[in-house]
Amino acid sequence: MGPTTAGAPLRKRLTVTFVAASLLLPALFAVSSPAADLSLSSRSYFLYYERELAGGNKEQFAPLYEYLSADAANLAGTSFSFHFYGWGRVDLSDASGSGKESGDLGSAYLEYLHPQGNAQMKLGRFFFSEGAAVETLDGGFVKMTTPLGIGFSAFGGVPVEHSILDNTKGGDSLYGGRLFFARTGRVEIGASYLKEAGPFQGKDRELYGGDLWLRVAAPVELTGQAAYNRSTREMASQRYAARILPGARVDISAGYESYSYKSLFQTTLNPAFFPPSIDNDDKVQVIFGVVDWEIVPGWTIEVAGKNIRHDKSNPGNANRGEIGVRHAYNEKKDAAGISGAVVTADREENEYSEIRGFATYSPGKFRLSLDALNQQYKRPINGKKNASQIVVSAGYRFFPSFLLSGDFQWTQSPTFSSDYAGLVRATLDLATGMGGKKK
Amino acid sequence: MTRRAVVMNVILAVLLALSFGCSAVSKTPSVPPKHPEELPTGRADCLECHKDVSSGALKPYASFRHSRVFVDSHGVYARQGQNLCSACHAPAFCQTCHAAKGELKPNTLLGDRPDRMAPHRGDYLVTHRIDGRLDPGSCFRCHGNRNDIKCRQCHK
C-alpha cells in the first residue's frame, strides 16, 4: 500500500475499532435473521500492458484487481443494513504502483434508516456528503427532520485521507453538522459547520457552509452553496445556479462559481495544489451554462459552455464550449453519441480541441462497445500536437449474474508513441430480495 | 475502554435516541431504502413513471431526471441528502468515482460503458495539465486529500 496519513496511535485504534464494530454488528444480525436481503458484487480486472522507459528498457505490467462490494438490507427484519466496498491489487509481473500489492477499504458501515421522517444513522467507514462536508470518515453520522421541517445532522470521527508524500499526515479528527429547514417541494435551506483538527499549513480546517434549494416557480429552481474558511478568513468557494425545466424534455442550467486558491486548497495533502505549483494568490470565477434537450424521443442534444476567469495572467482566462448528440435505442439498452469540444484561452499552451464518438450494441447475450477520442493541442507537447485513443469492448453474459468481457485499448499521445493494453473483466452480481439497483 | 471512547459512545447513543424520538412523531414517510421495482437499463428518467410532484425526498422528481444538467450538478442534490440516491444506487456505485483512494481511472473501470459520463478519457496524463491549470478546483474535490500514489511520479 502507498503511504497513508494515519499517524497517531489513537487514530489507528479508532479506525480499527470502527471497522471492527461495523463488521461484527451485522454478523450478530445475520445470525438471528436468515431473511435479510443480500447482494454481492465482484468485479475482477486483469490488465496487461508494456511501457518503454526513458533508457530504452521495457517493463511489462500485469496487475490483477478485485473490486468487491456487499450490501445486506433488512437485517433481522429491521431498518438496519450493512454495506461494504473494497478493492485490492496484486501484480503478476513488474510493480505497477508502489510495490506489487495495494488496496483500500472504501467503506464498511452499519446504517439505520427510520421508516418515517427520513432519519438515518451510519456507523463505521463511509463516504458522505452533507453541507460543507464531502468526506470519507471512520466514525458516525446521524440525520433527522422534525415534523415542522426543521432538521439537523451531526457527524464525527477520523477522516480517511491519503497523502502522496511521505511523513505527511492528515487530520486527526473531524466533526461538524448541519441545521436546515425544508418545506416539501418548495425550499430547503441549510447552514453547516465542519472542523478538522490537523496540520494543514499550520492551521486546523474550519468551514462555515450555507446551502439553498428554492423552487421559485414550477419549472424554475435556484441552488446555491457557499463555504467560508475561518482559518483564512475569506470565502473558500461559492456556486449559484438557476435550473429551468420548461417541459418534460428540456433541462437548462446556468450559473456562477468562484473560489480562492488560498482558502480552498489550504487543507490539501496533494502538493499539486501547493505553491510553487500554483500561485496561491489566484482566484477563479466561472460562468457556466448547460442545455439538455430531447428533441425527439431517443435523440438528445447536449450543449455546454463555460467562461473561466483568473485574477492572474498566468494561467489567464479561457472558454470551453462543447456540443453533442446522443441517441438511445434497443429499448434504451444501447446508446451512441458524438461530441466535440473546443477550449480557447489567453495563453496558447492552454488551448485544445477534442472530438469523441461512442456506440454500444447488445444483441442477445452479447454486448459490444466502441469508444474513440481525438485531441488536438494548439502548442505541441513533447513535440506532438495530438492524442488519440480507441477502446473496443466485447462481452458475453454466460448467466444472468455473470458477465465476462474484454477490452482492447490503443493510445497514442505525447506521453507514449504507441500504447496497447488489454483487459479481461469478470463481473458477478448475486442478490436476494426484490427491487431495482443501479450498480 | 478509554475515557474518550466512552464519551464517543455516549454521544452516539444520545444522537440515536434523538433520531428515534424525532422521527417517531413524524408523519412523513421516509424515502424507501430500495426502489420497489426493477429499474430498466439506460439513463433513469423518473418522470416516465412518477408525476412531477414532491416526495419524501422533498424535491420534485423532475429535479432528479438524469440529464446532462443533473449529472453535472448531482453533488448539489447529494449534499442535501444521499438517501434518495441510495434508493437506486448501491453505495459502491458512488465509489466508482468517489473512492478515497483509487488506482484505476473511472474510464478504465467502465471501459465497457462508454455511455456513462466517466471522466478522464484518453491519455489524461497529458490533458490534465491543461484542465488542472485552468480549473484546479474541479480536480481538488476528488484529488485534494484522497490521492493516487501515481501522482508522486511528477508531484513531489
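Proteins get letters first, then strands, A, B, ... in listed order; numbering begins at 1 in each.
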Could you measure the distance from the [atom1] atom of [X] to the [atom2] atom of [Y]? Nearest 0.5 Å is fine.
| X | Y | atom1 | atom2 | answer |
| --- | --- | --- | --- | --- |
| R43(A) | T96(B) | CZ | OG1 | 8.0 Å |
| R326(A) | M117(B) | CZ | CE | 4.5 Å |
| S86(B) | L113(A) | OG | CG | 6.5 Å |
| F416(A) | L125(B) | CZ | CG | 6.5 Å |
| L110(B) | D371(A) | CG | CG | 11.5 Å |
| S237(A) | R141(B) | OG | CZ | 7.5 Å |

If you compare all heavy atoms of [X] against all heavy atoms of [Y], which two are closest, and at what distance to 0.1 Å?
| X | Y | value |
| --- | --- | --- |
| G137(B) | F265(A) | N-CZ, 3.9 Å |
| H155(B) | I164(A) | O-CD1, 3.5 Å |
| P114(B) | F358(A) | CB-CB, 3.8 Å |
| F140(B) | L264(A) | CZ-O, 3.2 Å |
| F273(A) | G144(B) | CE1-CA, 3.9 Å |

Chain B contact via [X] - side chain, backbone, both or neither, heavy atoms under 4.5 Å:
| X | result |
| --- | --- |
| S405(A) | side chain |
| S253(A) | both |
| N350(A) | both |
| F128(A) | both |
| V391(A) | side chain |
| Q225(A) | side chain |
| L423(A) | side chain |
| E188(A) | both |
| S393(A) | side chain |
| Y65(A) | side chain |
| T411(A) | side chain |
| F127(A) | both |
| Q412(A) | neither |
| A272(A) | both |

Expected output: side-chain [X] to main-chain [Y] donor-acceptor under 3.5 Å:
| X | Y | value |
| --- | --- | --- |
| Y45(A) | L109(B) | yes |
| Y352(A) | T127(B) | no |
| R89(A) | E103(B) | no |
| N118(A) | V31(B) | yes |
| R121(B) | Q389(A) | no |
| S30(B) | H114(A) | yes |
| H310(A) | L134(B) | yes |
| N145(B) | L269(A) | yes |
| W213(A) | K59(B) | no |

Checking salt bridge (Lys or Arg N to Asp or Glu O under 4.0 Å) for the pair D251(A)/R68(B): CA distance, chi angles, key distance, verdict? CA-CA 8 Å; D251(A) 197 344; R68(B) 162 72 190 265; over 6 Å; no
If you tally heavy-atom pairs under 4.5 Å against chain A, which of D112(B), I130(B), D115(B) wins? D112(B)
Can you tell whether the side chains of E302(A) and R43(B) come within less than 4.0 Å, N to carboxylate O? yes
Flag the pair K332(A) and E48(B) as a salt bridge only when some basic side-chain nitrogen lies within less than 4.0 angstrom of an acidic carboxylate oxygen. yes
Side chains of P91(B) and F126(A): closer than 4.5 Å at any heavy-atom pair? no
Among R183(A), E349(A), Q409(A), residue most engaged with chain B (heavy-atom pairs, under 4.5 Å): E349(A)
Most contact-rich option vs chain B, by heavy-atom pairs under 4.5 angstrom, among P271(A), A304(A), A218(A), is P271(A)
Give, as side chain, backbone, both or neither, the part of R65(B) having an atom under 4.5 angstrom from any heavy atom of chain A. both
Checking C154(B) against chain A: side chain, backbone, both or neither under 4.5 Å from a heavy atom? neither
Evaluate whether atom CZ of R113(B) has more than 12 neighbouring non-hydrogen atoms of other residues, nucleotides or ligands under 6.0 angstrom away. yes
I'd like to know if the side chain of D292(A) pairs up with that of S67(B) as donor and acceptor (distance under 3.5 Å, no hydrogens or angles considered). no
Decide salt bridge (Lys or Arg N to Asp or Glu O under 4.0 Å) for D135(B) and R320(A); before the verdict, give the C-alpha distance in whole Å, the side-chain angles of both, and the deciding distance to 0.1 Å. CA-CA 11 Å; D135(B) 190 7; R320(A) 179 183 173 96; over 6 Å; no
